[in-house]
Amino acid sequence: MKQRVNALLRDKFNCDVILEKPKDRSFGHFATPIAFSLAKELRKSPMAIAEEIATSFNESEMFSAVESVKGYINFRLSESFLDEYASWALSHGDQFGSSDKKGSILLEFVSANPTGPLHIGHARGAVYGDTMLRLGRHLGYDITAEYYVNDAGNQIDLLGVSLQLEGRSSLLGESVEWPEKYYRGEYLSDLAKEVVTLFGEEALRDESRQKELALWAKDKILALIVEDLAAINVHFDTFVGEASLYNEWDRVMAKMGEGVYQNEGKTFIRSSDLGDDHDRVVVREDGRPTYLAGDIIYHNQKFERGYDDYINIWGADHHGYIARVKAAISFLGYDSSKLEVLLSQMVSLLKDGEPFKMSKRAGTVILMSDVVEEIGAEALRFMFASKKCDTALEFDIEELKRQDSSNPIYYIQYAHARIQTLISKSEKSMDEIMSSHLHGLSADADGLLFEALLLPEIIEDAFESRQAQKVPDYLKVLAGRLHKFYYDTRIIGTEDEAKLLKLLLVVALSIKTGLSLLGIQAKDRM
RNA sequence: GCGUCCGUAGCUCAGCUGGAUAGAGCACCGGUUUGCGGUACCGGCGGUCAGGGAUUCGAAUUCCUUCGGGCGCACCA
């Protein structure tokens with residue numbers, strides 16, 4: 001809708017015009033302060049310019065009024081335009097707000113190590129990534145959702161050790177000496193039990209079998225992670241294992257050329273040439289590659305697959321890592337600006353105002369599955385999607401368990417359900433409703449319709465600015481307008497019934513579409 | 001110390017391509033239709049947009065600076 005208005009204005013002014021939504025709807029649907037910026041150029045007062053521009057729109061069919069007020073130019077869309085647009089939206093169903101954007105994107109997110117279940121911080125990245133995925137796909141981008149599995153290196157060795165020790169300690173009752181670093185948690189003793197039934201007790205004591213057990217456990221844990229993600233409606237297209245990439249090693253190193261050098265028996269990358277604090281070790285003296293090595297071959301592989309753009313969603317604790325990965329990409333001969341790294345900040349939980357402690361067995365980590373069990377997948381998704389991901393976040397579990405207006409997800413679902421109830425109560429046929437014309441609407445009805453029709457620009461704005469929270473914000477506002485309208489306006493049995501229901505169908509469509517882009521299904525009944 | 005993200009109502013957060021009177025939910029106080037789901041609606045209370053400076057018609061929004069907080073600063077992942 002805004003695009004159509006914008007296109008018209010662009011023709012007129014030969015440049016992009018800033019269009020904003022006035023806070024006070026009595027000013028119209030859109031407004032622009034363009035007269036202020038033209039004032040200097042034209043050496044006239046903003047008010048005179050605005051007046052002149054406004055009158056030049058008198059003939060336009062798109063607007064019922066264009067007025068200048070204190071230098072602003074306010075546009076009021078005509079009813080015929082709004083009605084036509086509403087019909088167009090309804091005929092597109094769940095494709096409303098979709099677009100034909102071109103371009104392929106490789107979106108990597110979550111990528112949690114397969115050494116334990118997902119915690120609450122992973123959940124934020126998962127929800128944010130999946131929301132961007134849904135928004136981008138709705139807009140037409142060809143996006144691949146990828147999970148990078150760190151199935152090589154120290155953490156896998158550590159997993160094998162931890163598994164054996166946990167089994168010997170909790171199942172066999174042996175007293176064991178714990179190393180400085182090891183994994184712990186209920187999942188490990190569950191896995192140890194399985195080890196005993198599958199491989200026998202001896203497998204827990206045989207150090208030569210650590211690697212074998214670790215790789216076995218890694219697959220089991222990854223399956224657990226996939227299951228946890230499915231529970232919040234997050235799915236990946238591809239999984240790339242770090243270990244599988246190392247046969248490319250020599251070729252990739254050759255490709256890096258002057259970007260790497262040898263010193264004291266180690267291999268370094270010249271990342272300090274490209275903005276990093278200092279050069280980084282890629283291969284240690286004993287020949288073992290570092291974590292960065294895996295990421296170098298992984299990113300080489302990504303770029304060889306030839307996407308137009310790359311997005312990585314990382315936890316904020318990885319932000320120091322961006323410079324070196326980008327340096328590697330440049331040395332490999334690719335355009336590192338094609339990689340966009342989005343950071344999701346830390347999460348902490350409150351329960352009734354107190355820090356939320358999980359079971360002792362799970363250690364200090366707050367498991368995502370525990371939170372899902374407490375508040376449900378929808379509330380979790382909505383909560384994470386509603387916050388900018390670059391702000392550290394605290395939230396209270398109890399608030400999200402409530403089922404009233406204090407819990408936005410119920411508030412929005414209830415708005416959708418109310419509309420469905422009205423539709424089913426009405427004796428009007430769908431044809432009758434759809435063929436009615438939205439004219440003679442009250443100011444409230446007009447405002448509600450306009451809000452509902454804004455969905456497409458909200459989706460585009462949210463995706464392009466990478467600010468997923470714009471969608472939930474919009475849905476809250478739209479639901480609020482619906483509830484107020486419902487309270488103020490009698491619908492069933494009035495002479496306006498058909499056209500008001502058409503209006504409400506547009507609202508329901510936007511709510512349903514918006515929710516589905518958040519991975520949440522709209523409810524017809526509560 | 002360096003880098004980075006942040007600082008908006010008592011709390012949790014929106015608003016930040018510079019624009020009209022700074023918003024919402026929670027909390028607290030008080031109201032509401034003989035009308036389709038009261039899981040709703042309305043009103044009140046509550047602000048030095050952390051402090052200071054700069055830019056300009058105009059700053060919560062841009063820039064500089066001080067203060068305060070989170071997260072990094074590995075041959076760990």
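Small disclaimer: the values here were computed from a predicted structure and weren't measured. Note on naming: letters A, B, ... go to the chains in the order of the sequence lines (proteins, then strands), and numbering restarts at 1 for each one.
D488(A) has its CG atom 14 Å from the P atom of C36(B), to the nearest Å. If you take OH of Y298(A) and C1' of A77(B), they are 16 Å apart, rounded to a whole angstrom. Straight-line distance from the NZ atom of K476(A) to the C1' atom of G23(B): 12 Å, rounded to whole Å. Atom CD1 of I322(A) is separated from atom C1' of C73(B) by 13 Å (rounded to the nearest Å). Residue H319(A) contributes atom NE2, which lies 14 Å from atom P of C2(B) at whole-angstrom precision. Straight-line distance from the NZ atom of K484(A) to the C1' atom of G35(B): 15 Å, rounded to whole Å. Protein atom CD of E20(A) is 6 Å distant from nucleotide atom C1' of G19(B), rounded to whole Å. One interatomic measurement links the two molecules: NZ of K387(A) to P of C6(B), which rounds to 16 Å at whole-angstrom precision.
Listed nucleotides: C36(B), A20(B), A77(B). Nearest to the side chain of P22(A): A20(B). You'll find that the side chain of H483(A) is closest to A40(B), out of A20(B), C36(B), A40(B). Nearest to the side chain of Q467(A), among A40(B), A77(B), G15(B), sits G15(B). Residue M526(A) has its side chain nearest to U39(B) when only U39(B), U32(B), A74(B) are considered. Distances were taken from every side-chain heavy atom of D390(A) (C-beta onward) to each of G38(B), C6(B), C36(B); the shortest belongs to C6(B).
For the pair R418(A) and Y486(A), the cation-pi test (distance below 6.0 Å, angle within 45°) is passed. A cation-pi contact links R466(A) to F463(A), judged by a cut-off of 6.0 Å to the six-membered ring centre and 45° from its axis.
S465(A) comes within contact range of no nucleotide atom at all, as no heavy-atom separation falls under 4.0 Å. Residue contacts for Q345(A): at a heavy-atom cut-off of 4.0 Å it reaches a base atom on one of the strands shown. Among the protein residues, A31(A) comes within range of the nucleic acid bases, having at least one heavy atom under 4.0 Å from a base atom. Across all strands shown, R525(A) has heavy atoms under 4.0 Å from base atoms, whether or not it also approaches the sugar-phosphate. Within 4.0 Å of N74(A), counting heavy atoms only, lies at least one base atom of the nucleic acid.
Comparing A50(B) with C11(B), their P atoms are spaced 14 Å from each other, to the whole Å. Taking the C1' atoms as reference points, C26(B) lies 25 Å from U21(B), given to the whole Å. Here the separation of A22(B) from U61(B), taken at their P atoms, is 14 Å to the nearest Å. Remark: the separation of the C1' atoms in G30(B) and G69(B) is 38 Å, to the nearest Å. Separating the C1' atom of C63(B) from that of U56(B) is a span of 13 Å, rounded to the nearest Å. Nucleotides A24(B) and C41(B), compared at atom P, are 13 Å apart to the nearest Å. Remark: the separation of the C1' atoms in A14(B) and A9(B) is 13 Å, to the nearest Å. Spacing of C1' atoms, C45(B) relative to A27(B), comes out at 11 Å, to the nearest Å.
Under the Watson-Crick or G-U wobble criterion, with both distances below 3.5 Å, G30(B) is paired with C42(B). Pair assignment for U4(B) gives G70(B), based on Watson-Crick or G-U wobble hydrogen-bonding distances that are each under 3.5 Å. The partner of A54(B) is U62(B), by the rule that a Watson-Crick or G-U pair needs both atom distances under 3.5 Å. Partner assigned to G25(B) is C11(B), using Watson-Crick or G-U wobble distances below 3.5 angstrom.
Residues P289(A) and D317(A) each lie close to RNA chain B; by heavy-atom proximity, the contact nearer the 5' end of the strand is made by D317(A).
For the OP1/OP2 pair of G38(B) and a distance below 4.0 Å, the side-chain nitrogens and oxygens of R418(A) include at least one atom meeting the criterion. Side-chain N/O atoms of Y411(A) include none lying less than 4.0 angstrom from OP1 or OP2 on G25(B). Considering only side-chain N and O atoms, Q469(A) lies under 4.0 angstrom from the phosphate OP1 or OP2 of G15(B). An OP1 or OP2 oxygen of A77(B) is reached within less than 4.0 angstrom by a side-chain nitrogen or oxygen of N154(A). For G15(B), one of the phosphate oxygens OP1 or OP2 lies less than 4.0 angstrom from a side-chain nitrogen or oxygen of K388(A).
G58(B) has no base stacking with the ring of F36(A) when judged by centroids under 5.5 angstrom apart and an interplanar angle below 30°. Remark: ring of Y72(A) stacked against base of A20(B); centroid gap under 5.5 Å, plane tilt under 30°.
N312(A) and H299(A) form a side-chain donor-acceptor contact under 3.5 Å, judged by distance and modelled atom types alone.
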The test is side chain to side chain donor-acceptor pair (under 3.5 Å); show your working for D228(A) and H122(A) and say whether it passes. CA-CA 11 Å; D228(A) 277 354; H122(A) 294 131; over 6 Å; no

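Remark: aromatic rings of Y148(A) and F239(A) are distant, center separation not under 6.0 Å. Note: Y147(A) and F109(A) fail the aromatic proximity criterion, with ring centroids not under 6.0 Å apart.
With salt bridges taken as basic N to acidic carboxylate O contacts below 4.0 Å, none links E497(A) and K428(A).
At a threshold of 4.5 Å between non-hydrogen side-chain atoms, the residues M47(A) and S68(A) do not count as touching.
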